[in-house]
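Scroll down for the structure; my scribbles are underneath it.
The structure presented is a predicted model; accordingly, all values stated were derived computationally and were not measured. Heavy atoms only: backbone and side chains are in, while hydrogens, waters and symmetry mates are out. Protein chains get the first letters and strands the later ones, always in sequence-line order, with residue 1 at the start of each.
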Amino acid sequence: MPRIFLHSPAPVLACLLAFTCHTSRLAAGNVVVIVKDTKGQPVTDAVVSLIPLEASAPAPLHPPVEPVVISQHGEEFDPYVTVVAVGTHVSFPNLDSIRHQVYSLSKTKPFEIPLYGSGTEQSILFDRPGIVALGCNIHDWMSAYLVVVETPHFMKTAGDGVARLAELPAGRYRLDVWHPRLAGESRRDLVVAAADAATQTISVTLKPDRRIRRAPDGAGGGYK
Amino acid sequence: MIHPERATALFLAALAWNSAFAVSLSLDASTTWADNISRSALAADQTDAFFHDAHLTASHLQPLATGLSLIAEASAGYEVVPRFPQNSAYLGGATAALRKKFGIGAFAPVLVSEIGLQRREARIAGDNSWIASGALRFSQRFTDAWRASISGDWEQHYAAHSTFDVRHHRLFGTLTWDITDRWQLSGGHGRLWGDFDANASWSTWGRALGGLISPVVASYYNTISWEVTNAYGPGWVTYRVTGHSDFWWLELSPALGANTSLPLRYEGSTTVNRAGIKYEQYGWTLGVLHRF
Ligand SMILES: [Cu+2]
């Protein structure tokens, strides 16, 4: 889901000054990031973010007015990985007939939404950058990640392992890649030139998938 | 008698119920190769056979408050030993469990207390019974892959004949290792105390009662309930004794997706009755567990 252009009235207001808009477009570049694992296979759900290194002032984040949605459906979170800018509200609608109890124990944003069924919406403000691991206290296998970034330039890779970041002001950036199974850190510096389209191919080492198993457990043995 | 059309209609009704009321329906079917299925003490009497069973369970999980859920289940099943059809039985019943989680997250310890009532309709008339049960289970996850539990349970059979009026309790521990997201290895060990039924051929039983095995056995066996059930052959006797049983198992369970697993289990037990008579049993079980 592309979240490069954050829906907010701010850019519209900014574009009232046609000249400013024109200048920024001229100075914008594009970066295509391809994330692959060590076998060369595309990596889905990798979060790619570009943090400007030279800006005199922090880039405005323009969090969306409407909350970003992470739903519970079929006793799973959907989507599994979400990336938002600092200051974004996220809602957790329950689309199941059973109640859920969503929580995070992560330092970035610890919270707990008490048991709730369908039709109840509660959104939470994510006001600090970092990784938030989400769980459900009723269904231990349910897990999802929310990545909160302090930049307006971010995207999640699709099934082809590709994330396209557009409208980037020219300059130096730090390119961060995060994935739930990433071993270690993946970051590099790059320069974005105006009216340029650069492709960055990043190879990451992924750990085995260690999610809590959902398949039914046997009754075990032991004679009766 | 179970009619296939009625069973299909019941199953479809249960599936409809399933989608409407957050009731999850699951099937647990297995085939066991049982070594000494007759639970006989003497080598000459020990009989091996296949044992099949299938159970359909409808369960409803109702979160009541933070950390507290009610799990209500109703199940129906059938057990059969094709070589000795005398031992087949229908089972149906219900359980109610309270699940208390102490804290938030997958690593919070969980305590489950459960009570149940089952009806057993057996081919052996004396074995028709009501079975009351209670259980307490404490489990703790240590990592995404490792968890352990300790269980205590109690069971009382109110049978048509006193030979089948068994009452026992067990204490056992289970360790589970999710090797990968597909493969799971688990094992357990425990002990049962109380009554159990065992079987002997007519000639062995005659010798036991007559003191030809030992005077201790004869004096004990002359005080217990027994009857001719023909369970494992003409003239075979089923008798109820008191003692204890040490049991263990090892289970390898691959998951086929999120809702199905195929556990393969090897288990054994050594049971000793009050007169010192020992029964060894082993079994290989291949099962399928599926949540609809
Ligand atoms: Cu849940």
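- Annotation: side chain of B/Q62 is not in contact with side chain of A/I98 (no heavy-atom distance under 4.5 Å).
- For B/I150, the CD1 atom is loosely surrounded, since the number of other residues' heavy atoms within 6.0 Å does not exceed 12.
- Proximity to chain A (any heavy atom under 4.5 Å) is shown, for B/A108, by neither the backbone nor the side chain.
- No part of B/L262 comes within reach of chain A, as not one of its non-hydrogen atoms sits under 4.5 angstrom from that chain.
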Could you walk me through whether B/Q184 and A/D217 pass side-chain contact (heavy atoms from CB on, under 4.5 Å), step by step? CA-CA 9 Å; B/Q184 180 185 78; A/D217 282 344; 3.0 Å; yes
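- Here the CD1-CD distance, from B/I104 to A/E112, works out to 3.5 Å after rounding to the nearest 0.5 Å.
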*Could you please spell out the steps behind the side-chain contact (heavy atoms from CB on, under 4.5 Å) verdict for B/R141 and A/I212?*
CA-CA 10 Å; B/R141 180 178 285 284; A/I212 287 173; 3.5 Å; yes
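- For B/L256, no part lies near chain A; criterion is any non-hydrogen pair under 4.5 Å.
- For chain A, the nearby part of B/R147 is the side chain; its heavy atoms alone come within less than 4.5 Å.
- For residues 78-107 of chain A, no residue pair satisfies the salt bridge (charged side-chain N to carboxylate O under 4.0 Å, His left out) rule, not counting sequence neighbours.
- Interface remark: B/T174 contributes no atoms to any contact with chain A (heavy atom separation under 4.5 Å).
- Atom CZ of B/R137 sits in a sparse spot, with 12 or fewer heavy atoms from other residues, nucleotides or ligands closer than 6.0 Å.
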(request) Decide yes or no on salt bridge (charged side-chain N to carboxylate O under 4.0 Å, His left out) for A/R214 and B/D181, but give the supporting numbers first. (result) CA-CA 9 Å; A/R214 182 178 172 173; B/D181 57 345; over 6 Å; no
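- Atom NE2 of A/H73 has 12 or fewer heavy atoms from other residues, nucleotides or ligands within 6.0 Å.
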Worksheet entry | Verdict with reasoning, A/R213 to B/T180, per side chain to side chain donor-acceptor pair (under 3.5 Å) | CA-CA 9 Å; A/R213 180 174 133 133; B/T180 65; over 6 Å; no
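- Around atom CZ of B/R191, more than 12 heavy atoms belonging to other residues, nucleotides or ligands sit under 6.0 Å away.
- Among residues at least two apart or in separate chains, salt bridge (charged side-chain N to carboxylate O under 4.0 Å, His left out) pairs with a member in residues 132-149 of chain A are A/D140-B/K101.
- A distance-only check finds a donor-acceptor pair linking the side chain of B/S261 to the backbone of A/P216 [under 3.5 Å].
- Under the 3.5 Å distance criterion, the side-chain polar atoms of A/N137 are matched with a main-chain donor or acceptor of B/G105.
- In A/K36, the NZ atom is not crowded: 12 or fewer heavy atoms of neighbouring residues, nucleotides or ligands sit closer than 6.0 Å.
- Highest contact tally toward chain B, considering only A/I138, A/L105, A/D209, is held by A/I138 [criterion: heavy-atom pairs under 4.5 Å].
- In this structure, the portions of B/S253 lying under 4.5 Å from any heavy atom of chain A include both its backbone and its side chain.
- For B/R167, the CZ atom sits in a loose shell: 12 or fewer heavy atoms of surrounding residues, nucleotides or ligands are nearer than 6.0 Å.
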